[in-house]
Amino acid sequence: MKKAVFPGSFDPITNGHIDVIKRALRLFDQITIGVARRQEKSPIFTLKEREALVKKVTANLKRIQVKAFDGLLVDFVKQEKACTIIRGLRTISDFDYEFQMALTNRKIAPEIETIFLLASEKYAYLSASLAKEIARMGGDLKEFLPEPVIVAVQKKLKKKKGMRSQE
Ligand code: PNS
């Protein structure tokens with residue numbers, strides 16, 4: 001059985017991520033979506049919230065598992081008994097970071113390969129950070145995020161705004 005891990009911060013999961021997951025399902029029998037803690041990125045959602053949102057919006061897809069992980073990605077990949085990491089590539093600006101990460105992972109675990117899938121050109125510009133910025137400015141998120149994620153982002157930002165106005 002061909003197993004792969006699709007890792008990310010997923011803060012939050014976007015339509016672009018889902019597009020890459022669906023493409024990966026054509027190549028692999030089983031995909032584990034690895035939701036990384038990434039505390040250094042100061043995510044707006046907790047790890048548990050990000051994991052729950054990913055589970056919710058991929059519940060209709062077969063052959064998918066969603067798991068949170070802490071620590072090294074390559075250790076998580078081994079734990080999942082997979083040997084491939086999938087990453088989505090949008091534009092050339094992603095390349096430097098992805099190249100560095102793939103080569104570092106290869107250095108630590110030469111038996112694990114990274115493969116890159118191109119998201120649909122529809123999502124070439126889309127990132128979770130931009131979607132959050134649009135949400136903060138009250139913009140329409142339909143093109144960018146699945147409906148349950150839109151609701152969760154708006155709720156989270158409202159809560160954060162309320163907390164700031166009390167400070
Ligand atoms: O969605 P992101 O933030 O681009 O995903 C980055 C992620 C989570 C894949 C990367 O930061 C990662 O693998 N983190 C786990 C810690 C690790 O293994 N770091 C070394 C990678 S070279």
Side-chain angles (χ1 to χ4, degrees), residues 3-25 27-28 30-58 61 64-136 141 143-146 148-150 152-153 156-157:
K3 283 181 94 176
V5 169
F6 180 53
S9 310
F10 302 109
D11 184 49
I13 186 165
T14 67
N15 289 339
H17 291 129
I18 294 173
D19 180 75
V20 172
I21 294 165
K22 286 181 179 164
R23 287 170 198 280
L25 279 173
L27 304 173
F28 292 90
Q30 179 82 44
I31 312 262
T32 302
I33 305 175
V35 184
R37 180 173 290 281
R38 292 282 263 160
Q39 221 45 56
E40 70 278 13
K41 255 190 146 182
S42 312
I44 64 164
F45 289 104
T46 65
L47 183 61
K48 280 244 163 311
E49 288 168 337
R50 285 179 279 138
E51 184 189 15
L53 274 178
V54 175
K55 275 191 180 152
K56 193 170 198 170
V57 301
T58 57
L61 297 174
I64 293 281
Q65 277 183 302
V66 182
K67 291 185 185 172
F69 76 98
D70 208 354
L72 282 180
L73 170 60
V74 289
D75 290 340
F76 177 66
V77 175
K78 287 180 204 167
Q79 193 186 306
E80 287 303 299
K81 302 205 177 347
C83 49
T84 311
I85 296 167
I86 296 163
R87 292 286 289 170
L89 268 188
R90 290 164 303 185
T91 57
I92 198 75
S93 58
D94 280 343
F95 190 75
D96 265 357
Y97 169 60
E98 293 298 335
F99 188 72
Q100 202 180 3
M101 206 158 66
L103 288 185
T104 309
N105 284 332
R106 182 190 277 173
K107 191 87 194 159
I108 334 175
E111 69 281 22
I112 296 172
E113 290 295 339
T114 301
I115 67 164
F116 298 100
L117 295 180
L118 289 185
S120 160
E121 55 280 15
K122 239 178 26 191
Y123 304 120
Y125 56 88
L126 172 59
S127 70
S129 313
L130 273 185
K132 282 181 283 191
E133 193 167 321
I134 294 164
R136 275 188 209 103
L141 292 162
E143 291 285 315
F144 313 120
L145 304 176
V149 179
I150 297 179
V153 169
K156 178 65 83 176
L157 291 178

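We count ligands from 1, going down the list as the structure has it; atoms in each ligand are counted the same way.
- Here the protein heavy atom with the shortest distance to atom 1 (O) of ligand 1 is Ser9 N, 2.9 Å.
- Distance from atom 10 (C) of ligand 1 to its nearest protein heavy atom, with residue and atom name: Met101 SD, 3.8 Å.
- Assignment of Tyr97 to the shell around ligand 1 is supported, since a heavy atom sits closer than 4.0 Å.
- When each atom of ligand 1 is checked for a heavy atom of Ala36 under 4.0 Å away, the hits are 8 (C).
- Heavy-atom distances between Gly34 and ligand 1 stay at or above 4.0 Å for every pair.
- Remark: Lys67 NZ to Glu51 CD distance equals 10.0 Å, nearest 0.5 Å.
- The shortest distance between side-chain heavy atoms of Arg23 and Ile86 does not fall below 4.5 Å.
- Residue Ile13 is tested with Val149, Leu145, Val35, Val66 for a side chain to side chain contact (heavy atoms under 4.5 Å, CB included); the sole match is Val149.
- In this structure, Thr14 contributes its side chain and Gly16 its backbone to a donor-acceptor pair below 3.5 Å.
- Scanning the protein heavy atoms around atom 15 (C) of ligand 1, the nearest turns out to be Gly71 O, 3.5 Å.
- Within a 6.0 Å radius of CZ in Arg87, more than 12 heavy atoms belonging to other residues, nucleotides or ligands are found.
- At least one heavy atom of Arg87 lies less than 4.0 angstrom from ligand 1.
- Contact atoms of ligand 1 toward Asn105: 21 (C), 22 (S) (distance under 4.0 Å to a heavy atom of the residue).
- Relative ring orientation between Phe144 and Tyr125 is described as perpendicular, the plane-to-plane angle rising above 60° on a 0-90° scale split at 30° and 60°.
- The nearest non-hydrogen atom to atom 20 (C) of ligand 1, considering only Leu73, Thr104, Leu72, comes from Leu72.
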